[in-house]
Asker: 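Would you mind keeping the following structure in view while I ask a few things?
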Amino acid sequence: MNLRNLVAERLEAALEASLGEPASAIVQPASKREFGDYQANGVMGAAKRSRRNPRELAETVLKQADLLDVAEKTEIAGPGFINITLSEDFLAGLLNRSGALLTPTSKPETIVIDYSSPNLAKEMHVGHLRSTIIGDAMARVLTALGHRVIRQNHVGDWGTQFGMLITYLNETGSDSDLLADLESFYRQAKARFDADPEFAERSRQSVVSLQAGDPEIRTQWRRFIDISLSHCQNTYERLGVLLTPDDVQAESAYNDDLPQVVSDLEAQGLLRDSEGARCVFLDGSANEFKGKGGEPLPVIVQKSDGGYLYATTDLAAVRHRARVLKADRVIYLTDARQALHFRQIFAVAEKAGFSRPQMRLEHHPFGAMLGKDGKPFKTRAGSVVKLTELLDEAQARALDIVNAKSPELDETQRREIARVIGIGAVKYADLSKNRTSDYVFDWDQMLALEGNTAPYLLYAYTRIKSIFRRGEIDETKLDMPVSVADPAEHALAVQLLRFQETLEQVAEEGFPHFLCAFLFDLATQFMRFYEACPILSADSHSRGSRLQLCRHTADTLKAGLGLLGIETVERM
RNA sequence: GCGCCCGUAGCUCAACUGGAUAGAGCAUCGGCCUUCUAAGCCGACGGUUGAAGGUUCGAGUCCUUCCGGGCGUACCA
């Protein structure tokens with residue numbers, strides 16, 4: 001039940017009747033409480049286009065609009081805004097309907113989400129956090145709305161790094177089954193690769209052997225992959241991320257398709273040789289695909305030595321997603337530095353017919369994680385921060401606070417609460433910010449546990465649970481109807497009913513921070529309601545209604561946090 | 001050089017096809033616990049939205065120029 005759309009449809013029907021042609025009502029949540037619940041801004045623009053007086057048009061629209069059953073008050077304000085206050089009966093009626101406040105879409109799509117995608121042979125670090133967490137939230141939201149979601153973890157398992165590592169281990173006799181060791185070998189191999197051209201050449205030969213299927217090298221490689229993937233899986237489970245080994249669709253999975261991609265491009269006459277490499281040149285608009293000095297920028301699909309690149313793999317992936325998975329939409333969660341790469345890939349895919357006609361290919365870029373100094377987030381020693389260390393720190397800090405605030409709970413409980421708060425705080429800190437910009441990672445702010453943070457939301461939830469415990473109430477058996485009387489009840493009711501429109505917006509635009517903002521508003525409205533309206537001590541009618549509002553709020557907080565991949569606790 | 005992104009309160013961030021007096025949190029200051037968890041609520045303070053022009057009933061949002069920052073720009077991913 002999308003409230004906003006409902007209001008918009010009613011107004012647009014009237015608008016069309018008044019104008020003789022359709023026009024958007026541009027309905028938004030009211031910018032101020034005194035304007036009511038929703039405001040419509042579309043009349044002014046429509047009046048201008050049809051050269052009519054905006055206030056008169058607004059009056060005509062309001063006179064014709066069928067709002068009797070939903071609004072208790074409508075008014076025209078300023079140059080032609082229409083302000084709408086929803087009626088108490090309407091709000092109560094919606095909240096009294098059985099079932100959840102969320103209804104699935106009538107147009108389910110098949111949506112591939114390409115996220116997390118770490119390079120293997122290295123431990124996961126903070127650079128992998130945003131893709132993993134945002135992608136996971138998107139997967140959950142789209143699934144909740146009834147879409148068929150295919151998660152794909154496009155791990156990097158096929159690059160030069162494995163050639164270096166294998167060559168280094170074979171030449172030095174080092175070995176280990178521990179990822180931390182492999183990573184340090186890798187670092188040494190990389191140093192040698194950069195310093196010693198002969199070593200570099202032998203490493204490249206190893207890659208060729210690997211890709212040619214040399215059994216011995218293949219076995220070594222397989223073992224590294226297994227070690228890496230099991231580390232990733234541990235991290236996903238700790239983070240509470242949906243990804244499983246079944247979701248791994250590695251770069252190497254497309255290996256056999258790469259020659260076909262190149263020959264398809266060739267057959268369509270899209271390919272050109274340039275400086276020994278096989279390239280697609282895109283026209284693009286203006287300077288979109290121009291490089292240094294205005295030279296056309298190639299998409300290289302095959303290197304002069306015959307090897308393939310990530311562009312080739314990504315094209316093969318588009319083809320696979322279109323033809324085999326029948327995707328209607330593909331969402332890529334990678335950092336913003338790859339924006340040009342994906343613009344190129346999408347353009348080539350379209351030109352070559354690798355994507356389907358109405359298929360939406362979307363790069364959802366995100367910015368870098370910075371330290372408080374505004375530089376890339378690193379440890380004091382200057383190395384990348386490992387994800388496990390980050391989570392350890394978050395839980396330790398959360399535990400200090402739980403110990404201080406809730407000494408009456410036993411240690412097992414305190415540890416469990418600290419785990420949920422710590423992990424939740426890390427995820428929420430990331431999800432609550434507009435993903436496109438760089439964001440500053442600040443321990444103190446993140447775990448300050450006040451303001452727009454996971455702990456604030458969890459606290460609101462535990463307060464509700466506490467009411468049920470205190471009143472010895474089985475919240476699943478509440479049967480009193482909601483009635484909406486107090487202004488705090490009205491505000492809370494409207495907020496609850498905005499869940500649907502919020503999720504639809506997140507799904508469409510790919511910004512989970514809309515959901516965070518919604519939940520923060522919901523928690524804030526609940527806290528105000530909690531302060532303003534006694535619950536357990538109220539008379540029977542109010543008590544029953546308010547308990548229902550509590551139940552709806554708890555359910556929605558839990559569901560919303562769940563869609564962000566954040567757990568809840570019963571007390572804290 | 002060219003391209004993309006960004007610049008909002010002391011700090012971290014919002015602002016939904018251009019809408020009403022640019023909103024939150026933190027920090028600072030002041031109120032509110034013998035009543036459902038004070039990790040809370042209420043209030044105060046805090047802004048030339050980097051700068052200058054333009055478009056219009058209306059611009060943080062669109063256009064132009066400039067300043068500042070980040071990233072990308074041919075065989076790494």
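By convention in this document, chain letters (A, B, ...) are assigned in the order of the sequence lines, proteins followed by strands, and residues within each chain are numbered from 1.
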Asker: Using the rule for Phe, Tyr, His and the six-membered ring of Trp, do A:F35 and B:A20 stack at under 5.5 Å and under 30°?
Answerer: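 Yes, the aromatic ring of A:F35 stacks with the base.
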Asker: Is there a donor and acceptor pair closer than 3.5 Å between the side chain of A:R4 and the base of B:C16?
Answerer: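 Result: at least one qualifying N/O pair found.
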Asker: Stacking check: are the rings of A:Y530 and B:G40 less than 5.5 Å apart at their centres and under 30 degrees in tilt?
Answerer: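 Aromatic stack with B:G40 absent for A:Y530.
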Asker: Answer with yes or no whether A:S31 presents, from its side chain, a donor or acceptor under 3.5 Å of a partner atom in the base of B:A15.
Answerer: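 Counting by modelled atom types and ignoring angles, no donor-acceptor contact under 3.5 Å is found here.
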Asker: From C-beta outward on A:L536, which listed nucleotide comes closest to its side chain: B:C75, B:C4, B:C36?
Answerer: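 Per side-chain heavy atoms of A:L536, the pick is B:C36.
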Asker: Would you indicate which nucleotide in B:A39, B:A77, B:A15 comes nearest to any side-chain atom of A:I421?
Answerer: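 So the nucleotide nearest the side chain must be B:A39.
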Asker: Name every residue in residues 497-507 of chain A that has at least one heavy atom under 4.0 Å from any atom of RNA chain B, in order of residue number, or write none if there are no such residues.
Answerer: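 Correct list: A:Q505.
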Asker: Just call it for A:K372: base, sugar-phosphate, or nothing, with non-hydrogen atoms closer than 4.0 Å on any strand.
Answerer: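 No contact.
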Asker: Taking any heavy-atom pair under 4.0 Å as a contact, classify A:Y310: base, sugar-phosphate, or nothing.
Answerer: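 A:Y310: base contact, heavy atoms under 4.0 Å.
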Asker: Without decimals, in angstroms, what is the distance between A:F529 CZ and B:C36 P?
Answerer: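 After rounding, the gap between these two atoms is 15 Å.
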Asker: Once each nucleotide of nucleotides 24-34 of chain B is scored for protein heavy atoms under 4.0 Å, what B/S/- sequence comes out, 5' to 3'?
Answerer: SSSS-------
Asker: Parallel, tilted or perpendicular: which describes the rings of A:H341 and A:Y310, with under 30° parallel and over 60° perpendicular?
Answerer: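 Geometry flag for A:Y310 against A:H341: parallel rings.
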Asker: In this structure, how many angstroms lie between the P atom of B:C76 and the OH atom of A:Y186, rounded?
Answerer: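 So the OH-P distance, A:Y186 to B:C76, works out to 13 Å.
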Asker: Kindly say whether, by distance alone, the side chain of A:N83 makes a donor-acceptor pair under 3.5 Å with the base of B:A20?
Answerer: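 In this structure, the two groups form a donor-acceptor pair.
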Asker: Remember a base hit wins even if backbone is also touched, and classify A:R278 as base, sugar-phosphate or nothing at under 4.0 Å, heavy atoms.
Answerer: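 Here A:R278 touches no strand at all.
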Asker: Return the stems involving RNA chain B, sorted by first number, where pairs are Watson-Crick (N1-N3 with N6-O4 or O6-N4) or G-U wobble (N1-O2 and O6-N3), both under 3.5 Å, and runs are 3 or more long.
Answerer: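 As far as RNA chain B goes, consecutive pairing (with distances under 3.5 Å) yields the stems B:1-7 with B:67-73, B:10-13 with B:23-26, B:28-32 with B:40-44, B:50-54 with B:62-66.
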Asker: Just checking A:I26: base, sugar-phosphate only, or nothing, at a heavy-atom cut-off of under 4.0 Å?
Answerer: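 If one applies the 4.0 Å heavy-atom cut-off, A:I26 turns out to touch a base.
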Asker: If you apply the rule side-chain contact (heavy atoms from CB on, under 4.5 Å), what do you find for A:L210 with A:W158, and how did you get there?
Answerer: CA-CA 9 Å; A:L210 170 64; A:W158 204 238; 4.0 Å; yes
